[in-house]
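Nothing here was measured: the structure is a model prediction, and the numbers come from that model. Lettering of chains follows the sequences in order, A, B, ..., and the numbering in each one begins at 1.
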There are 2 protein chains.
Amino acid sequence: MRAPVPTQVQPSSPLQGGARCGDCPIRYRAVCAQCEGDELALLERMKFYRSFEAGQPIVWEGDRMDFVASVVSGVATLTRTLEDGRAQMVGLLLPSDFLGRPGRDTAAYNATAATGVVLCCFRRGPFDQLMQRIPHLAHRLLEMTLDELDAAREWMLLLGRKTAREKIASFIAIIARRQAASQKRRPAGRIVLELPLTREAMAAYLGLTIETVSRQMTALRRDGIIEIVGKRGVTLTDYARLIAESGGTGDDGATA
Amino acid sequence: MRAPVPTQVQPSSPLQGGARCGDCPIRYRAVCAQCEGDELALLERMKFYRSFEAGQPIVWEGDRMDFVASVVSGVATLTRTLEDGRAQMVGLLLPSDFLGRPGRDTAAYNATAATGVVLCCFRRGPFDQLMQRIPHLAHRLLEMTLDELDAAREWMLLLGRKTAREKIASFIAIIARRQAASQKRRPAGRIVLELPLTREAMAAYLGLTIETVSRQMTALRRDGIIEIVGKRGVTLTDYARLIAESGGTGDDGATA
DNA sequence: CGCCCGATTGACTTGGATCAAACCGAGTGG
DNA sequence: CCACTCGGTTTGATCCAAGTCAATCGGGCG
């Protein structure tokens, strides 16, 4: 995994119809995971893809939102903003995560592509109807929402009680854990990874300023916990040492 | 609403069978809201009540949890703790809110009764089966979970970006809004209310220390935004002024 | 080459934490 | 009836982690 984050600079255009669901990389993790046969066929017929380049907005808080979607590849962020501009990230959407709320027609958050992003979209009205007709869909979405709620609560613990250093360590640990999971390994020892967020986005995620993020990154480097490669590259000298700096309770916390 | 918080010192015992669901105060807001006739009868047959006095633990993180429940009356809190003891509240359960996760047999959080609490409980196994059989149940739970997720995200914004004064003002505003809602009014002008949490619990909720909570309460009093009555009593001189101190974006945020 | 944007570093300020005393009201028992 | 205790709360003095303001760096690109 040394390749740079796939910055998917696709021509933000059709790709329509695209691949068969059977070949989809998130086939068994997304909202459609439990659907088979007819059910999957229904979804397959109505799905359409949309791509976004890194940095592009996906939807803006308050905008009408006539679709829901699964993240196929890339990373998107959800942020909430106070009138005076203070912004807090409230969701980090990774491949297979779900964007949008069935039954709600207005976006509650700003969604932005942090890297290149490909979404598998469904028009909201028809999707809402499918939710009624296909219990598998509703069940899977419930499961995913409960997972996100758990992750959000883990995140609240981080925001409310961890120090800046612990926050940074926790964040890097989350990325490391997720990367390991996507390769069906368990994280350990020396790990090379690529952060999917800029310093600014990290600050928004962690409830810090960009300067503090930067300082703590260098502090962790000075202390030999990590090595910093370019803007996005980080190498852990030892996963366990990083965890020791994270303040604990990092059971998962990957999603939401 | 001047009466002290109903401290429901019930003999933490049976109450078994109790009232008919038809008379239940949370009949149309809890997880059972959309159930009628046969479905409701099934639930009615298997439900049982449990009561807890203020301060009592309900379940502890890691404990086996063989039931799920709706809060009938009172207020319960969910907290998450770091090894070294730092604690953050991650959920505030009000009447009609749901406790426990279908399909999970171990508590993920410490749940504590903040006031006297009455729970309407279901054994987890049978409830899980009902979830499969009664789509209304699953749909309602999904809806409630999505609401909690929204509330959790609002809370993350508070934890990550608001000042101590804004946090306190936001918290009081949430309580005021909820109280108004329970009386089907919209909050405005002068409002008398009773906080359902101690200073310590407020601090845990807001990611502050008890001293800072106390100081900011007195500061708001000095500035004429609130009056403080006893340990738990607060009177807003003007709801709008309080909101102006809260840093905004307080659309709801009541639950979770 | 020079610009631009994200990241880093430094100097200084400050909001909230920490440590340490009181305070206050509701029991409780002499 | 009053002294004592006890839990929750308030207040004060001091400290320090993180924020703010400002300058600089460094790589990619026109």
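- Between B:R232 and B:T198, the shortest heavy-atom contact is NH2-CG2, 3.4 Å.
- Summarising the geometry, the separation between CG on B:L208 and P on D:dT10 is reported as 14 Å, rounded to the nearest angstrom.
- Among the atoms of the strands shown, none is found under 4.0 Å from any heavy atom of B:G55.
- Residue B:Q216 contributes atom CD, which lies 16 Å from atom P of D:dT9 at whole-angstrom precision.
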What is the per-nucleotide protein-contact pattern of nucleotides 2-11 of chain C, from the 5' end, where B denotes a base atom under 4.0 Å from a protein heavy atom, S denotes such proximity for sugar-phosphate atoms only, and - denotes neither?
-> -----SBBBB
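- C:dG16 atom P lies 12 Å from atom CG of B:L158, rounded to whole Å.
- Between B:Y109 and B:W60, the distance from one ring center to the other does not fall under 6.0 angstrom.
- In this structure, the CE atom of B:M202 is 15 Å from the P atom of D:dG8, given to the nearest Å.
- For B:K162 and C:dG16, the NZ to C1' distance is 18 Å, given to the nearest whole Å.
- Rounded to whole Å, atom P of C:dT18 lies 11 Å from atom CG of B:D84.
- The local environment of CZ in B:R185 is crowded, with over 12 non-hydrogen atoms from other residues, nucleotides or ligands closer than 6.0 Å.
- Distance, A:Q88 CD to D:dG19 P: 11 Å, rounded to whole Å.
- Distance alone, capped at 3.5 Å, places no donor-acceptor pair between the B:E200 side chain and the B:I210 backbone.
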Determine, stepwise, if the pair A:R101 / B:D147 fulfils salt bridge (Lys or Arg N to Asp or Glu O under 4.0 Å).
-> CA-CA 10 Å; A:R101 175 171 172 163; B:D147 284 342; 2.9 Å; yes
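- Applying the salt bridge (charged side-chain N to carboxylate O under 4.0 Å, His left out) rule to A:E211 yields no partners; only residues at least two apart in sequence or on another chain are considered.
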